[in-house]
K.L.:
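Have a look at this one.
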Amino acid sequence: MTIQEIPAGTLDAAKFIEEQVRQISQTVGTGTAINALSGGVDSSAVTLLGHKALGDKLKTYFIQNGLMREGEPERVQALFHSLGVRVEVVDAREEFLGALKGLTDPEEKREAVTQTFYKRVFGRLVKQSGARFLLQGTILTDVDETVAGIKRQHNVFAQLGIDPEQAFGYRILEPLVQLRKDGVRKVAEALGLPPSVFGRMPFPGPALAARVIGETTPERLALVRKATVITEDLLAQAGAFQCMAILHEDRVTGMREGRREFGFQIEIRCWDSVDARHATPTRLPWETLEALSGRILAEVPGVVSVTYHIAPKPPSTMEAI
Ligand code: XMP
């Protein structure tokens, strides 16, 4: 089944919203649905489309998987509260960290995140709520890369021949699947979401697990989480499509206070892109790179190396995992 792309340039956001609301409402009928909101532009747009279509028949959850950035659940809950949408936080940290324990292979890590989300957490939420539908924000780029076998994006099933109803016991609706990121931003703006959401940098479903090379332990997540706060803070004004900090698996010899320190390596990536299909590293000023290095070395314990990624996508991909 080929998906008919709607390019951002030809997208009529108001008409698109009207059509998707009609379709969601028709498909769910008198039933109920759930959706998971991470606070990114895709899941935020789906949350508002779903609430427009279903009102209280849609229950929205924030899944605290232990892989999120600093302060994320509180921020997302408060924002949507101000938009009149109730968001319930589900603590699934132990399940996700348990599933990732011991895994180092990138695709195995992605698969563990996928199974934990869809089989365990959503499976349980669907049972508890009596819902038969999950609404989610898969976009066309997620599908393309997964089908091409480049990267198993966490939210792609039908196009891989997986029937979610058989595999997990519920149907998945994907109202944004004909769009790319630039199109979703237009829809999010037309839905009345604030610029902090429709202009927000993308963040991947596997979250910080995509930015820890090697095993995703709570200790290693804490390091990358700290480096992420600094990176996003210092690069907020760079106008980039996306920026990130990555923790490497290998350690290298460094020195602190005259002593040897076999320390961690953090890699910074900052991308210019329109739709994530192609991307080039942002030409950051040297002073910005120095500031990043200075703060990461001073504030993230045990880090002795900070590097900046300069290869384009392709052949690189944007996330490290
Ligand atoms: P890559 O790393 O494939 O990333 O070049 C392209 C864009 O997709 C985001 N990304 C994901 N988004 N689920 C998502 O919803 C995923 O599993 C996933 N993996 C990567 C990535 O952050 C970038 O914006």
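Quick note: numbers below take in every heavy atom, side chains included, and nothing from hydrogens, waters or symmetry partners. In listed order, ligands and their atoms are each counted from 1.
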K.L.:
Heavy atom to atom 11 (C) of ligand 1, shortest distance: which of H154, Q153, E145, R269 holds it?
P.N.:
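Closest candidate by heavy-atom distance is Q153.
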K.L.:
Between K313 and ligand 1, which part of the residue brings a heavy atom under 4.0 Å of the ligand: side chain, backbone, both or neither?
P.N.:
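Just the side chain.
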K.L.:
Under a 4.0 Å threshold between the charged nitrogen and the carboxylate oxygen, would R283 count as salt-bridged to D272?
P.N.:
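A salt bridge is absent here (no side-chain N lies under 4.0 Å from a carboxylate O).
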K.L.:
So for P206, does at least one of its heavy atoms come nearer than 4.0 angstrom to any atom of ligand 1?
P.N.:
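Heavy atoms of P206 do come under 4.0 Å of ligand 1.
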K.L.:
Output yes when the distance from some N or O of ligand 1 to some N or O of R211 is under 3.5 Å, and no in every other case.
P.N.:
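No, since none of the N or O atoms of R211 sits under 3.5 Å from an N or O of ligand 1.
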K.L.:
Do NZ/NE/NH1/NH2 and the carboxylate oxygens of K151 and E145 come within less than 4.0 Å?
P.N.:
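So K151 does not pair with E145 through a salt bridge.
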K.L.:
Using a 3.5 Å cut-off on N or O atoms only, is F203 in polar contact with ligand 1?
P.N.:
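No, F203 has no N/O under 3.5 Å of an N/O on ligand 1.
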K.L.:
Less than 4.5 Å apart, side chain to side chain, heavy atoms only: is that true for I321 and K109?
P.N.:
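Yes. Closest side-chain heavy atoms under 4.5 Å.
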K.L.:
Going from CD1 on I24 to CG on N35, what distance comes out if it is rounded to the nearest 0.5 angstrom?
P.N.:
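If we round to the nearest 0.5 Å, I24:CD1 and N35:CG are 9.5 Å apart.
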K.L.:
With a 4.0 Å cut-off on N to O distance, would you call E19 and R22 a salt bridge?
P.N.:
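Result for this pair is yes, salt bridge flagged.
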K.L.:
Under 4.0 Å from a heavy atom of P204: give me the atoms of ligand 1 that qualify, with their elements.
P.N.:
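Answer for ligand 1: 10 (N), 11 (C), 12 (N), 18 (C), 19 (N), 20 (C), 22 (O).
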K.L.:
Please state which protein non-hydrogen atom is closest to atom 1 (P) of ligand 1 and give its distance, to 0.1 Å?
P.N.:
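Nearest neighbour among protein heavy atoms for atom 1 (P) of ligand 1, to 0.1 Å: M318 N, 3.5 Å.
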K.L.:
Could you tell me the residue and atom name of the protein heavy atom closest to atom 19 (N) of ligand 1, and the distance to it rounded to 0.1 Å?
P.N.:
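Sorting protein heavy atoms by distance from atom 19 (N) of ligand 1 puts R110 NH2, 2.9 Å first.
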K.L.:
List the closest protein heavy-atom neighbour of atom 24 (O) of ligand 1: residue, atom name, distance to the nearest 0.1 Å.
P.N.:
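Nearest neighbour among protein heavy atoms for atom 24 (O) of ligand 1, to 0.1 Å: Q242 OE1, 2.7 Å.
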K.L.:
Should the pair D42-K181 be classified as a salt bridge under the 4.0 Å nitrogen-to-oxygen rule?
P.N.:
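Looking at D42 and K181, the cut-off is met.
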K.L.:
Give the atom numbers and elements of ligand 1 that come within less than 4.0 Å of a heavy atom of K151.
P.N.:
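Within the 4.0 Å cut-off of K151, ligand 1 contributes 1 (P), 2 (O), 3 (O).
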K.L.:
Tell me, which protein residue and heavy-atom name are nearest atom 21 (C) of ligand 1, and how many Å apart are they?
P.N.:
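The answer is E319 OE2, 3.5 Å.
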K.L.:
Distance to 0.1 Å, residue and atom name: give those for the protein heavy atom nearest to atom 7 (C) of ligand 1.
P.N.:
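Looking at atom 7 (C) of ligand 1, the protein heavy atom closest to it is A276 CB, 3.8 Å.
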K.L.:
Just to be sure I read this right, does ligand 1 sit under 4.0 Å from the backbone of N155, its side chain, both, or neither, counting only heavy atoms?
P.N.:
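Near ligand 1, N155 shows its side chain, while the N, CA, C and O stay back.
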K.L.:
Assess whether a salt bridge exists between D144 and R180, defined as any Lys/Arg side-chain N lying under 4.0 Å from an Asp/Glu carboxylate O.
P.N.:
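Yes, this pair counts.
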K.L.:
Is it true that E261 and R256 make a salt bridge, defined as a side-chain N closer than 4.0 Å to a carboxylate O?
P.N.:
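R256 and E261: salt-bridged.
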K.L.:
With the threshold set at 4.0 Å, does a side-chain nitrogen-carboxylate oxygen contact exist between R69 and E72?
P.N.:
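The answer is yes: the pair qualifies as a salt bridge.
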K.L.:
As an exercise, identify every atom of ligand 1 less than 4.0 angstrom from a heavy atom of P202.
P.N.:
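In order of numbering, the contacting atoms are 24 (O).
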